[in-house]
Amino acid sequence: MEPVLAASENDDVMDALGNDVRREIIAILAQGPQPAGAIAAHFAISRPAISKHLRQLKAARLIAVDRHGTRQVYRLDNHGFDTARAWLDQFWPEALQRFRMVAENTYERGGND
């Protein structure tokens, strides 16, 4: 197996994804770009708390912000998702190999009954 990327390269992304409010914000933005007020309307927490979550998501490059006049509109940013996927993809070949071994061993045992 190739060397694992340093977890520190992905800390911001993984930390951001580790919070349920931030994951919900991502789910909201998956429907399309939204201003902060529209995002905040989905939650029973304060607007400053939502702003803090948005800053953390932006720092992790999971979301980006575009200015439209005086409004800030948030959207998903592929960079953070690409970073997380690249890190997780390292483990996929090993997982597939283990799955294949289990499947083959289960089939062989089942055929000998």
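Residues: numbered from 1 along the sequence shown.
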Shortest non-hydrogen contact from Val13 toward Ala84: CG1-CB, 3.7 Å
Non-neighbouring partners of Arg98 that pass side chain to side chain contact (heavy atoms under 4.5 Å, CB included), sequence neighbours left out: Glu94
Looking only at heavy atoms, which two atoms of Ala16 and Leu62 are closest? And how far apart? CB-CD1, 3.7 Å
Quick one: pull up CG in Leu76 and CD1 in Ile63 and give me the separation to the nearest 0.5 Å. 8.0 Å
Just to verify, what does Arg85 make a salt bridge (Lys or Arg N to Asp or Glu O under 4.0 Å) with, not counting sequence neighbours? Asp89
So, do Gln56 and Asp15 sit near enough that their side-chain heavy atoms are less than 4.5 Å apart? no
Taking C-beta and beyond as the side chain, do Asp20 and Arg23 meet within less than 4.5 Å on heavy atoms? yes
Per-pair distances, 0.1 Å, donor-acceptor, side chain in residues 35-55, under 3.5 Å, sequence neighbours excluded:
| from | atom 1 | to | atom 2 | distance (Å) |
| --- | --- | --- | --- | --- |
| Ser46 | OG | Ala49 | N | 3.2 |
| Ser51 | OG | Arg47 | O | 3.2 |
| His53 | ND1 | Arg22 | NH1 | 3.0 |

Does Arg67 have any salt bridge (Lys or Arg N to Asp or Glu O under 4.0 Å) partners at least two apart in sequence or in another chain, and if so, which? none
Among all residues two or more places apart in sequence or in another chain, which pass the side-chain hydrogen bond (donor to acceptor under 3.5 Å, both in side chains) test with Gln97? Arg100
Tell me, please, which residues at least two apart from Arg75 pass salt bridge (Lys or Arg N to Asp or Glu O under 4.0 Å). Asp66
When clusters are formed by joining ILVMFWY residues with side-chain heavy atoms under 4.5 Å apart, either directly or through shared neighbours, do Val73 and Leu57 land in the same one? no
Does any non-hydrogen side-chain atom of Met14 lie less than 4.5 Å from one of Trp87? yes
For a 4.5 angstrom cut-off between non-hydrogen side-chain atoms, does Asp12 reach Thr83? no
